[in-house]
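This report refers to the structure that appears directly beneath it.
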Amino acid sequence: RAGAPFQFLAVQKTGVQQSVGLIQLNRPQALNALCEGLMQELRRALEALESDPQVGAIVITGSQKAFAGRAGCFSPHPPRVWGGRVGVPCCFPVAAGADIKEMQNKTFQECYGSGFLAGWDKVATVRKPIIAAVNGYALGGGCELAMMCDIIYAGEKAQFGQPEILLGTIPGAGGTQRLTRAVGKSLAMEMVLTGERISA
């Protein structure tokens, strides 16, 4: 186990030589919605595993239902299946998205002034390879979290999407740029502007 106990994560070293850091998002009551507490713990876990010389790679995963995501971001429309892979090197679970309940009453000035979302990109700056293992919903912030990883392994039940438009906003943690690089401009624009999801 890396560091002090976590409330929103299960962290362990695994593998024959204990050389794989495994971080499981563990907020099942909210479909692993990415609240500030969870993101602080994720940064702490990543720092501990990155500085551990025994760890050669890190896997981030969630549950069978949700990788990570935004609570309340589920579209009433059935997902559109495009077939094939998501467009990035991609069989396990990860999160449904950022915690909308935590953000809903914040003004732009509060978010900007408090550095809201600051540090969310820690995943992208870790020097060891990070694998997102997704087999459930990866929506909004959950999709952005998966795209920050170096590799995405997507199971048959994986669903990726940026449904922020359904709440009158757009992805805020780099999702528009990463999604465009991952799946191309046309599909990225469709996903961001309609809230449609794609499967693995």
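Since this is a predicted model, take the numbers as computed values, not measurements.
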Using side-chain heavy atoms (C-beta onward) and a distance below 4.5 Å, is [X] in contact with [Y]?
X	Y	answer
Ile165	Thr194	no
Val126	Asp150	no
Ile131	Cys149	no
Glu144	Gln162	yes
Phe8	Asn26	no
Glu41	Arg27	no
Val55	Lys128	yes
Leu42	Ile23	yes

Using 0.5 Å steps for rounding, measure from the [atom1] atom of [X] to the [atom2] atom of [Y].
X	Y	atom1	atom2	answer
Glu47	Asp52	CD	CG	13.5 Å
Lys13	Gln54	NZ	CD	3.5 Å
Met191	Leu139	CE	CG	9.0 Å
Gln12	Gln18	CD	CD	8.0 Å
Met148	Cys143	CE	SG	10.0 Å
Leu145	Arg178	CG	CZ	9.5 Å

Set out, in order, the CA-CA distance, both residues' side-chain angles and the distance that settles salt bridge (charged side-chain N to carboxylate O under 4.0 Å, His left out) for Arg43 and Glu36, then state yes or no. CA-CA 11 Å; Arg43 285 190 295 276; Glu36 186 55 36; 3.2 Å; yes
Which residue, Val123, Leu179, Val183, forms the side-chain contact (heavy atoms from CB on, under 4.5 Å) with Met147? Leu179
Which residue in the set Leu22, Val20, Val11 passes side-chain contact (heavy atoms from CB on, under 4.5 Å) when paired with Leu49? Val11
Show the numbers, then the answer: is there a side chain to side chain contact (heavy atoms under 4.5 Å, CB included) between Lys157 and Tyr137? CA-CA 8 Å; Lys157 295 179 182 176; Tyr137 295 109; over 6 Å; no
Indicate the atoms forming the closest heavy-atom contact of [X] with [Y], along with that distance.
X	Y	result
Gly56	Pro129	O-CD, 3.4 Å
Ala48	Ser51	O-OG, 3.1 Å
Pro163	Gly140	CD-N, 3.4 Å

Quick check: does any side chain N or O of [X] sit under 3.5 Å from a backbone N or O of [Y], one acting as donor and the other as acceptor?
X	Y	answer
Glu156	Ser199	no
Glu50	Arg127	yes
Gln24	Gly62	yes

